[in-house]
2 protein chains.
Amino acid sequence: MRRPAPDRGRTLLGPALQLIHTGQAPTRSALTGALDVTRATAGAVTGELEALGLITVDSRPAGGGRGRPSHRLALAEDGPVVIAAQIHADGVSVSLAALGGQLLEPLHLPLPAATDPVRLLRAVAEAGAGLARGSRRRCLGIGLALPNPVTEPDGTALAALHFGWPSGTPVADLFAEEIRKADLGPKARTAFPSAIANDANLAALAEHRHGAGRGSRHLLLVTSGHRGVGGALVIDGRLHTGSAGLALEVGHLTVDPQGRPCPCGNRGCLNSETDPDALFAAAALTPDPALPLFGQARELARATDPAARAAVDHVVDRLGLGLAGLANILNPDRIVLSGLHLDLLAAAPERLAAVVAERCLWGRSGRVPIVPAQVRHAGLVGAAELAWEPYLVDPQAVAEV
Amino acid sequence: MRRPAPDRGRTLLGPALQLIHTGQAPTRSALTGALDVTRATAGAVTGELEALGLITVDSRPAGGGRGRPSHRLALAEDGPVVIAAQIHADGVSVSLAALGGQLLEPLHLPLPAATDPVRLLRAVAEAGAGLARGSRRRCLGIGLALPNPVTEPDGTALAALHFGWPSGTPVADLFAEEIRKADLGPKARTAFPSAIANDANLAALAEHRHGAGRGSRHLLLVTSGHRGVGGALVIDGRLHTGSAGLALEVGHLTVDPQGRPCPCGNRGCLNSETDPDALFAAAALTPDPALPLFGQARELARATDPAARAAVDHVVDRLGLGLAGLANILNPDRIVLSGLHLDLLAAAPERLAAVVAERCLWGRSGRVPIVPAQVRHAGLVGAAELAWEPYLVDPQAVAEV
DNA sequence: CTGACTTTGTGCCGCTACTGAACAAAACAC
DNA sequence: GTGTTTTGTTCAGTAGCGGCACAAAGTCAG
């Protein structure tokens with residue numbers, strides 16, 4: 001009994017909703033087992049979630065084994081939604097999102113002409129508000145994924161490379177203010193909560209709940225995109241972002257003492273050795289400056305000609321050293337690769353696994369499976385998770401206002 | 001209500017005992033505030049802990065401010081004890097330990113002639129049992145610190161360099177068996193629990209609860225000793241040992257691309273750049289093979305002649321690079337240095353801080369204080385914490401059998 | 001010294017979220 | 001049809017905590 005406090009409600013409500021949300025409890029009896037409670041409790045909990053309009057209990061047979069079939073638990077088709085948003089180098093993505101990790105209607109907008117913090121955040125808020133007004137479902141909050149580190153708990157953004165935002169911009173506060181001013185329609189909560197976080201962290205959360213990280217207890221995600229290499233760690237279902245939100249800045253791990261110079265001052269950082277530029281450099285090619293670099297690099301990683309394969313092998317070896325270094329420090333039980341690293345994994349899975357295994361201390365005990373990311377629009381899905389978070393902790397919050 | 005389960009007892013009992021144990025709740029009213037409960041609850045909890053014989057409530061005035069003075073909470077003078085033990089390169093240490101992090105009578109024994117797992121563990125078990133028999137206080141368990149990585153949750157030891165134990169030796173099981181066979185005297189529990197863990201991890205736990213890590217939420221400990229460089233991480237008061245207990249193997253982080261070769265195959269690993277040998281190499285000296293290397297290195301770190309200072313600076317620079325790399329990945333709010341690294345910190349604190357700050361990404365937001373370890377016999381104190389752990393989670397367990 | 005004030009400890013009641021047992025319901029096996 | 005197995009529900013019972021009222025033990029002002 002961890003401070004139940006009369007205003008808190010049933011403690012099992014949150015864990016139960018999370019299990020249904022992540023598809024781990026498709027039936028009432030599965031929920032009973034997963035929560036390790038009596039059937040009576042599971043019944044009370046599902047009844048309450050149904051009363052909150054979050055789930056539906058289907059009494060039709062679920063088929064299968066002996067005994068009375070268990071009722072299927074489904075997320076309510078007309079339940080509440082949240083707004084998920086993401087700012088990236090190419091533009092802004094927004095979508096409504098229901099429980100279950102599904103994006104209802106992902107929308108991709110170009111960047112507005114002015115990308116100063118207030119105007120860009122206003123554009124995000126207004127795009128999200130438009131979706132909320134256009135839906136007949138109740139809207140409960142908004143989550144925003146940003147392409148830069150976000151400090152905790154104050155929510156300032158550091159080093160927004162693409163937009164020239166000053167380091168320390170109080171994005172959380174600015175965004176909350178723009179949300180407050182936006183017209184969210186009659187279906188929205190009066191005190192409309194907003195939250196921001198880093199996109200790599202949110203992608204890891206999305207993979208853990210709905211993708212390649214399901215069931216993992218120590219999940220490491222490493223991604224390579226426009227902004228360089230990013231990492232994120234999910235421990236026991238919760239993001240580990242360090243003491244100030246700045247953990248898993250893995251881009252400057254040394255992976256090649258004789259490598260290319262990095263702006264950080266060192267040589268051979270994971271960033272400068274495994275990003276799109278590094279792949280082109282390894283292939284002795286120059287990308288077409290008229291086309292997006294990232295897409296060209298992904299194509300190059302998938303190419304089958306010997307020169308491309310050799311370049312992939314070269315970069316994969318360095319990626320492997322970086323992953324082994326991280327595995328020795330963090331000892332994850334799974335590594336999920338995303339972005340360009342996903343293509344590198346697809347192009348040379350055995351080679352990557354071999355390099356990591358060779359450098360992993362403690363041999364078999366330290367070995368870790370490396371798998372490709374599965375979630376489309378993981379940043380957006382993660383932003384939705386962020387917006388859902390308060391309700392996954394305490395589902396009774398959906399009934400307030 | 002997180003599964004109170006009638007057999008579990010009061011949920012606040014554990015947190016309350018832990019606060020008293022770590023000195024964070026010297027009075028009843030401090031406990032009320034720290035637990036964020038009503039006075040009535042705090043009263044019931046302290047009453048129950050007193051009934052269990054773990055604490056005493058002193059009704060004498062505590063002096064100070066206005067109002068009725070609060071009762072002082074003290075750990076019972078005749079309360080139960082645990083056995084703490086540690087195996088290191090030089091021998092075996094054992095002690096009885098009460099709550100509060102105090103070792104009652106630390107005893108250091110030389111290594112027995114035969115250091116195969118069973119015989120060494122038997123020697124530890126018998127030394128501990130002797131202390132238990134010699135005390136009039138009830139003995140509740142034993143914790144053992146080992147100088148090698150320990151896998152979780154099965155408790156096997158990997159790569160016991162000094163003793164040639166085969167990797168994968170099931171130390172937890174073997175030790176439990178030796179404890180079962182030892183004569184613990186009439187005061188011991190019938191089912192006498194034993195636990196093992198890695199010494200660096202236990203030292204970090206000790207520093208967090210009773211030393212330089214108090215109050216830290218993300219504590220990184222880095223130590224350099226006979227066995228090379230070790231690390232440990234304590235997050236929110238709990239050890240983070242990764243998915244298999246092998247996290248924080250930080251010895252092979254690259255800190256000098258042009259550095260000395262390391263047995264791992266790379267050059268310039270944190271291990272080979274900041275261990276005792278590295279300090280002597282930087283000073284262009286050779287240690288006296290007749291004397292213990294570690295002590296000579298500590299002396300060299302404290303020497304004031306220019307050659308020694310230059311060697312210290314050289315090694316400190318590399319240690320700083322390693323700490324910065326770890327800080328960028330883990331984002332701790334405090335770094336505690338122990339072993340030879342403590343002496344390096346003492347010799348050049350500003351230089352170390354400057355190197356770390358320079359390489360820490362995100363400038364001020366990422367900066368982290370680096371402090372020296374404070375706990376004497378931290379491995380033993382940590383082993384005591386390990387033995388106390390079940391009772392700090394559920395103090396009612398002391399009443400069972 | 002006296003009384004007001006402040007803070008702390010305690011007894012009592014009630015609430016809430018669970019457990020456990022008994023029973024009913026819905027499938028399959030024969 | 002009758003057993004068997006598994007699931008959902010109903011109904012007490014209970015442990016742990018909050019809230020309140022009151023008593024206790026000190027300080028402070030006069």
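Excluded from the calculations below are hydrogen atoms, water molecules and symmetry mates; all remaining heavy atoms, backbone and side chain alike, are included. This one's a predicted model, so the numbers in the text were calculated from it and none came from an experiment. Below, read A as the first sequence line, B as the second, and so on, with proteins coming before strands; counting in each chain starts at 1.
Here the P atom of nucleotide C:dA27 and the CG atom of A:D58 are 12 Å apart, to the nearest Å. For the pair B:E50 CD and C:dT10 C1', the computed distance is 14 Å after rounding to whole Å. Regarding B:H71, its NE2 atom lies at a distance of 17 Å from the P atom of C:dT7, rounded to whole Å. Look at CG on B:L73: it is 13 Å from P on C:dT8, rounded to the nearest Å. Rounded to an integer number of Å, the gap from B:D394 CG to D:dA15 P is 15 Å. Taking atom CZ on A:R72 and atom C1' on D:dG8, their separation rounds to 17 Å, with Å as the unit.
End-to-end axis angle for the helix from C:dC1-D:dG30 to C:dC30-D:dG1, using five pairs per end and rounding to 10°, comes out at 10°.
Nearest-nucleotide mapping onto DNA chain D: of A:A30 and B:R39, the residue sitting toward the 5' end is A:A30.
The main-chain N or O of A:K187 is never found under 3.5 Å from a side-chain atom of A:R138 such that the two would form a donor-acceptor pair. In this structure, B:R209 contributes its side chain and B:G382 its backbone to no donor-acceptor pair below 3.5 Å. Using a distance-only test at 3.5 Å, with no hydrogens or angles considered, a donor-acceptor pair links the side chain of A:E207 to the main chain of A:V375.
Listed nucleotides D:dG19, D:dT10, C:dG9 differ in distance to B:A40; the shortest reach to its side chain belongs to D:dG19. Out of D:dT7, D:dC17, C:dG9, the shortest distance to the side chain of B:S70 is found at C:dG9.
For D:dG8, its base never sits under 3.5 Å from the side chain of A:R28 at any donor and acceptor pair.
Under 4.0 angstrom from either OP1 or OP2 of C:dT19 there lies at least one side-chain N or O belonging to A:T41. Within the 4.0 Å cut-off from OP1 or OP2 of C:dT19, at least one side-chain nitrogen or oxygen of A:T38 is found.
For A:R217, the side-chain hydrogen bond (donor to acceptor under 3.5 Å, both in side chains) partners at least two apart in sequence or on another chain are A:D236. Remark: B:R39 pairs with no residue by the salt bridge (charged side-chain N to carboxylate O under 4.0 Å, His left out) rule, at least two apart or across chains. Partners of A:E177 under the salt bridge (charged side-chain N to carboxylate O under 4.0 Å, His left out) rule, at least two apart in sequence or in another chain, are A:R180.
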Please list each protein N or O that sits under 3.5 Å from an N or O in nucleotides 2-6 of chain D, with the distance.
unit_1: D:dT6; atom_1: O2; unit_2: A:R68; atom_2: N; d: 2.9

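Ring centroid separation for the pair A:H218 and A:H240 does not come in under the 6.0 Å cut-off.
Within the structure, salt bridge (charged side-chain N to carboxylate O under 4.0 Å, His left out) contacts touching residues 11-33 of chain B (residues at least two apart or in different chains) do not occur.
Counting heavy atoms from C-beta on, the side chains of B:L17 and B:L99 come closer than 4.5 Å.
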